[in-house]
Amino acid sequence: MQLHLSKKALEALAVGKTRSREISNEELIAVYEEILLAVNKYFELYDISKFRQKLNNGLEIFKELPIYNIYENNKIKKVGKFEVLNRILIGLHANAMRTDLSVLGFKDLGKLQVNGGIKLSPDAKLIYQSPTGIFSRVVRVKDLG
């Protein structure tokens, strides 16, 4: 599953990165809420370790953060909204990277491991789909053996 954000959300993230203009709290909160909508709708796998629940619970904490990191002696004293959004995107990316969201009350977003591995039923299907969605191939787990 790939996270898809609106053009407005992507522009807010780009503005936050380049600081080409002032970005508002409301814009960053809207990006967080948009990420939550997508995660709640499409990312069932993130129920492992209760990541979806933790992201939802973290919204109120997120609202109280400053926009940008606050530094003291070249170390982050307080993590900002923009940094948290970047960490969430890293954790949701389809790769092995994990990220620390202890500012929201949890660590290791992206670590989708359970003891003994993820259990799939013999009727489960793996769907290989092209980036455009035009081509796809379905393979049943029981046919892999």
Problem set entry | Non-hydrogen side-chain atoms of Phe43 and Leu3 separated by less than 4.5 Å |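 The answer is yes, as the side chains (C-beta and beyond) meet within the 4.5 Å cut-off.
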
Problem set entry | Side chain proximity check, Glu33 to Leu59, heavy atoms < 4.5 angstrom |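 Sidechains of Leu59 and Glu33: in contact.
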
For this session: Give the cluster check for Ile67 versus Ile70: same hydrophobic cluster or not, with ILVMFWY residues linked at side-chain heavy-atom distances below 4.5 Å.
Result: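 Different hydrophobic clusters.
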
Under the side-chain hydrogen bond (donor to acceptor under 3.5 Å, both in side chains) rule, collect the residues that match up with [X], sequence neighbours excluded.
X      : value
Tyr71  : Asn69
Arg137 : none
Glu26  : none

Would you be so kind as to tabulate the donor-acceptor pairs closer than 3.5 Å made by side chains of residues 78-90, with sequence neighbours excluded?
residue, atom, partner, partner atom, Å
Lys81, NZ, Asn25, OD1, 2.8
Lys81, NZ, Lys63, O, 3.1
Lys81, NZ, Leu65, O, 2.4
Glu83, OE2, Arg87, NE, 3.0
Asn86, ND2, Phe82, O, 3.3
Arg87, NH1, Asp100, O, 3.1

Counting distance only, does the side-chain N/O of [X] pair as donor-acceptor with the main-chain N or O of [Y] below 3.5 Å?
X      : Y      : value
Ser130 : Phe135 : yes
Glu27  : Ser24  : yes
Glu34  : Ala9   : no

For this session: Report the distance from atom CZ of Phe62 to atom CG of Asn57, rounding to the nearest 0.5 Å.
Result: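 If I round to the nearest 0.5 Å, the distance is 15.0 Å.
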
Exercise. How far does CG of Asn40 sit from CG of Leu55, to the nearest 0.5 angstrom?
Worked result: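 One finds 8.5 Å between CG of Asn40 and CG of Leu55.
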
Can you see which heavy atom on [X] is nearest to which on [Y], and at what distance?
X      : Y     : answer
Leu104 : Gly58 : CD2-O, 3.5 Å
Leu5   : Leu10 : O-CD1, 4.0 Å
Ala12  : Ile23 : O-CD1, 3.0 Å

Exercise. By the rule that ILVMFWY residues connect when side-chain heavy atoms come within less than 4.5 angstrom, directly or transitively, which residues belong alongside Ile127?
Worked result: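 Grouped by the 4.5 Å side-chain rule, Val138 form the rest of the cluster around Ile127.
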
Exercise. Which pairs with one or both residues in residues 50-59 pass salt bridge (charged side-chain N to carboxylate O under 4.0 Å, His left out), sequence neighbours excluded?
Worked result: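 Those involving residues 50-59 are Asp47-Arg52.
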
